[in-house]
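Remarks on the structure that follows.
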There are 2 protein chains.
Amino acid sequence: MSNQVQVSLKEEQDRLWKLFHSHRNEMIVTKSGRKMFPKLDYVIRGLNQNKLYAMMLHIEQSDDCRYKFSSGKWMKSGKAEQHKEPKKLWHPDGVRSGKDWMANPICFDSVKITNSVDSSNASMIFLHSMHIYTPVLSVYESQSETPMGIPQPSTRLVTSVRLDYTEFIAVTAYQNDALIKLKIQFNPFAKGFREGNQGDRKRSSPSADDSTTDESSS
Amino acid sequence: MSNQVQVSLKEEQDRLWKLFHSHRNEMIVTKSGRKMFPKLDYVIRGLNQNKLYAMMLHIEQSDDCRYKFSSGKWMKSGKAEQHKEPKKLWHPDGVRSGKDWMANPICFDSVKITNSVDSSNASMIFLHSMHIYTPVLSVYESQSETPMGIPQPSTRLVTSVRLDYTEFIAVTAYQNDALIKLKIQFNPFAKGFREGNQGDRKRSSPSADDSTTDESSS
DNA sequence: GCTTACACCTT
DNA sequence: GAAGGTGTAAG
């Protein structure tokens with residue numbers, strides 16, 4: 001009865017997601033697929049140590065609107081494209097004990113988001129650009145370690161968790177300057193664009209808010 | 001009837017595995033887990049384009065002997081530790097069409113081998129040091145894309161492939177000097193040990209313990 | 001609004 | 001040294 005499952009994000013990711021959310025998070029989608037940053041590293045508690053579980057991620061549309069970025073702000077702009085049945089991504093670790101899932105963060109870092117309908121890659125999720133989404137983690141209880149081959153009549157959904165601050169708008173190019181700064185500041189792969197680096201290019205909007213510009217501890 | 005499935009390794013890997021095999025290949029096992037080099041990048045042909053398959057890797061003991069390295073040669077040295085039920089590692093891409101599997105090499109590069117019994121990591125495989133092993137790829141046909149939750153009574157093993165030249169002896173420190181040279185020559189991560197590099201340590205004494213103190217992932 | 005080639009970086 | 005993740009700028 002007291003089997004209360006709690007899901008959060010790994011501490012540092014949690015902090016980042018909330019910071020990005022406060023500026024209206026955006027995620028780039030590309031034809032070949034793009035990883036998300038911040039990452040989705042879930043931390044879970046309250047599972048039964050010995051029972052078997054599998055983890056599933058999908059990304060669901062947050063509302064029924066299309067968005068546009070206009071005069072420095074995100075605005076609703078008409079009705080959304082038709083919802084697609086969201087792609088279900090099972091965590092590659094497959095079926096494991098509650099103990100195992102609780103021992104380490106549950107990372108979906110192979111996931112890529114794309115705006116190409118015909119990207120057949122297994123860990124690729126299609127999203128409509130200029131639409132708003134929220135990732136959802138679903139926890140299933142299973143009877144068998146075998147991911148296939150054995151009938152599994154008694155699988156059940158234990159819980160499904162949607163963290164509001166992981167919401168983001170899919171874009172093909174970043175719109176909000178403040179957000180670009182955050183991505184550059186915190187994503188290790190964008191280090192080449194940080195102030196003082198030789199790859200530093202001038203950025204278009206010198207007037208953007210500077211609460212986020214102070215130097216990253218490079 | 002003519003559904004002849006053919007499995008090989010990616011061309012360059014194939015060349016390397018055969019070269020290493022000609023010197024009796026060795027693989028380091030560590031407590032925290034070590035990746036294999038050369039890598040296992042399988043190439044598969046002859047699947048049905050539209051049927052669904054899953055790929056499974058395991059590493060099986062090649063014989064019933066323990067080995068020792070003595071006077072510059074590998075010799076049998078008594079009876080093997082008791083066989084363990086080998087760990088089955090499903091390819092993280094899950095269930096996909098034959099077309100998808102044939103489009104790109106099937107890479108098991110997240111696999112790590114360990115000599116620690118209690119490494120609960122999902123993609124970690126336990127091996128006994130000083131025992132000899134061969135990786136085996138198994139191809140299963142599936143009826144459903146869902147890795148769990150739906151009964152799958154008709155899964156069947158299509159084929160199981162064991163490439164003899166991928167055989168290796170698990171070690172905690174390399175024994176054969178010729179093999180050390182090959183690892184350094186071909187593994188990009190061992191660049192620091194190449195002649196002329198500042199990281200070049202003297203390696204005159206093959207007697208082991210300095211090659212395990214460095215946990216550079218390979 | 002979206003795509004591509006790119007320099008620069010991490011892993 | 002290889003593979004792959006970054007935002008950029010031009011188109």
Side-chain angles (χ1 to χ4, degrees), chain A residues 16 20 25-40 66-70 74-75 77-78 80-81 107-119 121 123-124 126-131 169-206 208 212-213 216 218, chain B residues 10-13 15-16 32-41 104-105 107-110 112 182-200 215-218:
Chain A
L16 286 176
F20 282 62
N25 204 354
E26 304 171 23
M27 294 283 176
I28 299 267
V29 286
T30 65
K31 210 175 144 184
S32 59
R34 196 82 153 189
K35 296 200 169 179
M36 291 185 277
F37 186 89
K39 295 180 185 173
L40 287 174
R66 166 183 286 278
Y67 284 74
K68 68 173 175 187
F69 193 75
S70 178
W74 281 105
M75 333 253 305
S77 162
E81 298 286 326
C107 303
F108 284 93
D109 43 18
S110 63
V111 175
K112 290 185 173 182
I113 54 179
T114 181
N115 59 342
S116 166
V117 197
D118 45 42
S119 47
N121 190 299
S123 48
M124 203 93 100
F126 173 86
L127 302 180
H128 290 291
S129 181
M130 309 312 257
H131 288 63
I169 299 176
V171 295
T172 56
Y174 290 127
Q175 304 293 314
N176 184 346
D177 280 346
L179 204 76
I180 297 178
K181 293 205 176 96
L182 290 178
K183 297 267 184 177
I184 291 172
Q185 184 177 356
F186 292 105
N187 189 335
F189 285 104
K191 192 183 169 194
F193 298 98
R194 290 180 195 163
E195 301 283 334
N197 268 68
Q198 57 180 24
D200 191 33
R201 283 113 162 115
K202 54 167 166 276
R203 260 170 253 108
S204 49
S205 166
T212 57
T213 55
S216 56
S218 70
Chain B
K10 209 165 86 181
E11 189 171 3
E12 67 192 279
Q13 309 295 353
R15 198 167 34 83
L16 286 176
S32 58
R34 192 84 151 194
K35 292 194 177 185
M36 290 185 278
F37 185 90
K39 296 180 185 173
L40 287 173
D41 294 346
N104 295 298
C107 302
F108 285 93
D109 42 19
S110 62
K112 289 186 173 182
L182 290 177
K183 297 267 182 176
I184 291 172
Q185 183 177 357
F186 291 105
N187 189 337
F189 285 101
K191 188 195 167 197
F193 296 96
R194 289 181 195 159
E195 299 287 332
N197 266 66
Q198 57 179 18
D200 192 31
E215 191 57 32
S216 60
S217 71
S218 64

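Quick note: numbers below take in every heavy atom, side chains included, and nothing from hydrogens, waters or symmetry partners. Nothing here was measured: the structure is a model prediction, and the numbers come from that model. Just so we're on the same page: letters track the sequence lines, and every chain starts at 1.
Distance B:Asn104 CG to D:dG4 C1': 15 Å, rounded to the nearest Å. Nucleotide D:dG7 holds its P atom 13 Å from the CG atom of A:Asp177, rounded to whole Å. C:dT3 atom P lies 15 Å from atom OH of A:Tyr174, rounded to whole Å. Rounded to an integer number of Å, the gap from B:Glu12 CD to D:dA2 P is 10 Å. Taking atom CD1 of residue A:Ile180 and atom P of nucleotide D:dG7, one finds them 9 Å apart after rounding to whole Å. If you measure from atom NZ of A:Lys35 to atom C1' of D:dT6, you get 12 Å, rounded to the nearest angstrom. Rounded to whole Å, atom C1' of C:dG1 lies 13 Å from atom CD of A:Glu81. Atom CD of B:Gln13 is separated from atom C1' of D:dA2 by 11 Å (rounded to the nearest Å).
The residue A:Ser129 sits close only to the backbone: its heavy atoms come under 4.0 Å of sugar-phosphate atoms, none of a base. Looking at heavy-atom distances under 4.0 Å, A:Lys112 makes contact with sugar-phosphate atoms alone, never a base.
For the pair A:Thr114 and A:Met124, the tightest heavy-atom approach, listed with the atom from each and the gap, is CG2-CG, 3.4 Å. The minimum heavy-atom distance between A:Ala170 and A:His128, with the atom names listed, is CB-O, 3.5 Å.
Closest to the A:Ile28 side chain, of the nucleotides C:dG1, D:dG4, D:dG7, is D:dG7. Listed nucleotides: C:dG1, C:dT3, D:dT8. Nearest to the side chain of A:Asn115: C:dT3. Comparing C:dT11, C:dG1, D:dG7 by their closest approach to the side chain of A:Thr172 singles out C:dG1. Distances from the side chain of A:Ile184 to the nucleotides C:dG1, D:dG7, C:dT3 place D:dG7 closest.
Around the NZ atom of A:Lys39, the shell of radius 6.0 Å holds no more than 12 heavy atoms that belong to other residues, nucleotides or ligands.
Proximity of A:Asn187 to the phosphate of C:dC9: no side-chain N or O atom is located under 4.0 Å from OP1 or OP2. Contact annotation: A:Lys31 side-chain N/O to C:dT3 OP1/OP2 distance is not under 4.0 Å. The phosphate of C:dC8 (OP1 or OP2) has no side-chain N or O of A:Lys191 nearer than 4.0 angstrom.
Along DNA chain C, the nucleotide closest to A:Phe69 and the one closest to A:Ala190 are compared, and the more 5′ of them pairs with A:Phe69.
We find the CZ-CG distance between A:Phe20 and A:Leu182 to be 5.0 Å, quoted to the nearest 0.5 Å.
Contact of the A:Ile28 side chain with the A:Val171 side chain is registered, since non-hydrogen atoms from C-beta on lie closer than 4.5 Å.
Below the 3.5 angstrom threshold, one finds no donor paired with an acceptor across the side chain of A:Arg194 and the base of D:dG7.
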